[in-house]
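Presented below is the structure to which this report refers.
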Amino acid sequence: MFPALRDEVASALDAALSARELPTDDLGIEEPPDDVDSVLASSVAFRLAGEVGAAPPQVAAELADEIDVDELRYVDRVETQGPYVNFLPSPTYYAETVEAATADDYGHRPDRDESVVVEHTSANPTGPVHVGRARNPIIGDAVATLLSYAGYDVDRHYYVNDAGRQIAVFTWAYETFDEADLPEPQREKADYELVRYYRKGNAFLEDGPAAEVEAAEAEIESIMQGLEAGDEDAYERVTEVVDQVLGGMRETLARLPAEYDEFVKETRFMQDGSTDDVVSRLQDVDEAFYEDGAWQLDLSAFGMEKPFVFLRADGTSLYTTRDVAHHEWKFEQYDRAVTVIGEDHELTFEELRKALSLLGHDTENLEQLFYSWVNLPGGEGMSTREGTGIDLDDLLDEAIDRAREEVEDRLDDRIRDDDLTEDDIERIARQVGIGAVRYDIVAKQPTKAITFEWDRALDFEAQSAPYVQYVHARCCGILEEAGLDPGNVQDGLATTIDTDALATDAERDLIETIGRFPWEIEEAADDLEPHRIATYTREFAETFNAFYRECPVLADDVDTDTRDARLALVAASKHTMANALNVLGVAPPRSM
RNA sequence: GGGCACGUAGCUCAGUCCGGAUAGAGCGUCGGACUUCUAAUCCGACGGUCGUGGGUUCGAAUCCCAUCGUGCCCGCCA
């Protein structure tokens, strides 16, 4: 609804300025502070004051006069407050907003007929997913859902690095060491069991006997050569390790939940010859040169001093070379490609982009979303190889445990006599616990570095998931109390809603906030900023809680029209919050 | 040394892209509100030279320059 209002205001302003032959390049449309009555305003009068030769407030007044609100559907009044032109919404705007939000898919934007692949997580299959890596699927999943709400046709990919040196090391270690010599696994799960070989292998290469290390290096080299040559045997040896570890990682990611449409293996682009093809085409570009036995790209014309090596002296390709082939494959199938990736890959990603561009690709439709590292207190990093870091499984277990304690502590204080069952308690603990972890991460700008601290990550107070989830539970509670099914409210709502009955400030504010949701989706999707939806859920929760406090829905002294209208507003609120939470990947609880 | 990012209240963060109305939340501290559709809620108080210094502008947390601090990167690893 808000997008329509905004369009209308823009064209009305444009027309008013044109009528007076004033520039229309910057309409100065903005959202006014909370204590101003309007929902949209323009500060254009500031800029025009010089040109018109009058003070800004006078210019604003003249512009307001120029606009005929009778011709506008969603604007009721145009008022000025000093230099600002304020637009107040019409009854039609309020009515249509409530109407639109009673549909349970509220917030979805029209189909754009544009496909986009969101690649996220893509953690190397070397061991259990730790909290440092968890930022990726949480942001990535939210971005994918956000784009889907914004009308794009979205696929989610996990790119499996099954071809690098680390995987060759892992394969060699898996085949070499005896399980009896390994420590007990931290969990009975393939990723925890196998990572022991990986860690032992890396430690051995670092300070094992020189001769044995040399032999091991030769074996590792032969695995890499085998993969490069598309050798079936090498592929099978690596796959034996990769598939087991990845299986364990997928189980953990599924707990978030993060699901993928496709797991794309790096070796695929070696076996099908596309990496070789990329190499030969790169060798032909003007920027390519051969030095010290390796093929490289001179990117200094792009301000990048470091040459990009795309073929090693031993003839094997590098990660980024294979990623070029991978991205050419993506562009054959999708209009856009978005990659969620750690900031440590920023330079590599830029090399990828330049290489693609030198091969004649338009890289405008390749976008990336960088997130900063998650460190442990004291500045220590998280490393699978060294075994430092907090495993995501442990974090989720702890989150659920703490949430369950919280639910149980609150049982005695509950006013509502809905008799939570054991299943309910378990459900709430899971929704709140995992929701809190996701919300804590998705609500922050990805570029900000995070230091992991248990108490902070699992704080259920603050501006956290339970705070916004509670609004959803409150909505469901009211709907159920009124005899409606929260899962399908439309059947139970009155057929005609008199939104004029929703006249208090609290009700108006709530409708206005609901109306902004589709706009927030569009804006957040355009900028790939899911954290804005988290900010929105907080603002929405505050607005709803004010309504909850001031506007009883089911009390005896509420007349039927008001009750019906408020019930519709609660249903609209429920859909808004449920869908906003859905974008964030946070579960919307029916009760808490 | 070079590149990129970040710096807003004691703490954790919105707001910065696209400059506009007294810079917003939460936590913490202090004081209030459950015979009421669930108090995981709400109301109030206290708390900020928006890292620092210049510049542009009618107007700067927001744009530009410089500078300091922190993180990440600068490998024929991924």
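All heavy atoms count here, side chains included; hydrogens, waters and symmetry mates do not.
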Nearest listed nucleotide, side chain of Ile478(A), among U38(B), C37(B), C76(B): C37(B)

Distance-only donor-acceptor test, Asn86(A) side-chain atoms vs A21(B) base atoms, 3.5 Å: yes

Side-chain N,O (Arg312(A)) to OP1/OP2 (A78(B)) below 4.0 Å: yes

Exercise: do Asp162(A) and Thr267(A) side chains pair donor with acceptor under 3.5 Å: yes

Whole-angstrom distance between A9(B) and C4(B), as gauged at atom C1': 29 Å

Check: Pro307(A) and Phe289(A) side chains under 4.5 Å, non-hydrogen atoms: yes

Nucleotide nearest Ala313(A) (side chain, heavy atoms from C-beta), chosen from A39(B), C76(B), A5(B): C76(B)

Val213(A): side chain to side chain contact (heavy atoms under 4.5 Å, CB included) partners, not counting sequence neighbours: Phe204(A), Leu205(A), Glu217(A)

Rounded P spacing from U62(B) to U52(B) in Å: 11 Å

Lys/Arg cation over aromatic Phe544(A): Arg474(A), 6.0 Å, 45° cone: no

Gap in Å between the two C1' atoms, one belonging to G51(B) and one to A61(B), rounded: 12 Å

Thr504(A) vs Glu550(A) side-chain heavy atoms within contact, under 4.5 Å: no

4.5 Å side-chain heavy-atom contact, Leu510(A) and Phe540(A): yes

Nearest-neighbour nucleotide for the Phe46(A) side chain, A40(B), C58(B), A78(B) considered: C58(B)

Pair of N/O donor and acceptor under 3.5 Å linking A78(B) base with Gln166(A) side chain: no

Interatomic distance at P, G2(B) relative to C63(B), whole Å: 23 Å

Shortest side-chain distance from Val36(A), nucleotide among A21(B), C77(B), A40(B): A21(B)

Flag for Ser43(A)-Glu30(A): side-chain donor and acceptor within less than 3.5 Å: yes

Residue pairs fulfilling ring-ring contact (aromatic ring centres under 6.0 Å, His included) with at least one residue in residues 458-484 of chain A, sequence neighbours excluded: none

Below 4.0 Å: OP1/OP2 of A78(B) and any side-chain N or O of Arg322(A): yes

Sugar-phosphate only, base, or nothing, as touched by Ala546(A) at under 4.0 Å among non-hydrogen atoms: nothing

Arg456(A) side chain, from C-beta outward: closest of C76(B), C37(B), C11(B): C11(B)

Consecutive-pair stems (at least three Watson-Crick or G-U pairs, under 3.5 Å) that include RNA chain B: B:1-7 with B:68-74, B:10-13 with B:24-27, B:29-33 with B:41-45, B:51-55 with B:63-67

Nucleotide of A78(B), C76(B), U38(B) approaching Met592(A) most closely (side-chain heavy atoms): U38(B)

Arg165(A) side-chain N/O to A78(B) phosphate OP1/OP2 under 4.0 Å: no

For RNA chain B, the residues among residues 535-542 of chain A that have a non-hydrogen atom under 4.0 Å from it: Thr535(A), Glu542(A)

Upstream residue (5' side of RNA chain B) when Ile450(A) and Arg410(A) are each assigned their closest nucleotide: Ile450(A)

Contact residues, residues 550-560 of chain A to RNA chain B [heavy atom, < 4.0 Å]: Cys551(A), Pro552(A), Val553(A), Leu554(A)

Pairwise P distance for C46(B) and U41(B), with rounding to whole Å: 23 Å

Asn545(A) side-chain N/O to C42(B) phosphate OP1/OP2 under 4.0 Å: yes

Backbone N/O of Thr513(A) and side chain of Tyr536(A): donor-acceptor pair under 3.5 Å: yes

Interatomic distance at C1', G26(B) relative to C42(B), whole Å: 14 Å

Nearest-angstrom distance, C1' atom, G24(B) to G47(B): 14 Å

Salt bridge (Lys or Arg N to Asp or Glu O under 4.0 Å) contacts touching residues 312-327 of chain A (sequence neighbours left out): Glu266(A)-Arg322(A)

Residues which pass side chain to side chain contact (heavy atoms under 4.5 Å, CB included) with Ala555(A), listed by chain and number, not counting sequence neighbours: Pro552(A), Asp557(A), Val558(A)

Upstream residue (5' side of RNA chain B) when Ala163(A) and Val407(A) are each assigned their closest nucleotide: Val407(A)

Non-neighbouring partners of Tyr439(A) that pass side-chain hydrogen bond (donor to acceptor under 3.5 Å, both in side chains), sequence neighbours left out: Thr537(A)

Contact summary for Val442(A) and Ala142(A), nearest pair of heavy atoms: CG2-CB, 3.7 Å

Under 3.5 Å side-chain donor-acceptor pair for Ser372(A) and Arg135(A): no

Listed partners of His327(A) passing ring pair (Phe, Tyr, Trp, His ring centres under 6.0 Å), at least two apart: none

Electrostatic pair Asp401(A):Arg404(A) at N-O distance under 4.0 angstrom: yes

Torsion-based syn/anti label for C4(B), 90° from 0 as limit: anti

Which nucleotide in C58(B), C76(B), U41(B) has an atom nearest any side-chain atom of Arg47(A): C58(B)

Phosphate OP1/OP2 of A40(B) contacted by Tyr470(A) side-chain N/O (<4.0 Å): yes

Residues in contact with RNA chain B, drawn from residues 120-132 of chain A - heavy-atom cutoff 4.0 Å: Asn124(A)

Summary of protein contacts for nucleotides 62-73 of chain B, nucleotide by nucleotide, where a base hit scores B, a sugar-phosphate-only hit scores S (4.0 Å, heavy atoms): ---------BSS

Note, Ser300(A) side chain near Glu287(A) side chain (heavy atom, < 4.5 Å): no

Closest to side chain of Arg549(A), choosing from C43(B), U12(B), G26(B): C43(B)

Arg410(A): partners by side chain to side chain contact (heavy atoms under 4.5 Å, CB included), with sequence neighbours left out: Glu406(A), Glu461(A)

Rounded distance in Å between the C1' positions of U70(B) and G75(B): 25 Å

OP1 or OP2 of G15(B) under 4.0 Å from side-chain N/O of Gln445(A): yes

Side-chain N,O (Lys448(A)) to OP1/OP2 (G7(B)) below 4.0 Å: yes

side-chain N/O Tyr548(A) vs A39(B) OP1/OP2, d < 4.0 Å: yes

Nucleotide nearest Thr348(A) (side chain, heavy atoms from C-beta), chosen from C17(B), A78(B), C76(B): A78(B)

Flag for Tyr198(A)-Gln166(A): side-chain donor and acceptor within less than 3.5 Å: yes

Options A40(B), C76(B), C42(B), nucleotide nearest the side-chain atoms of Tyr467(A): C42(B)

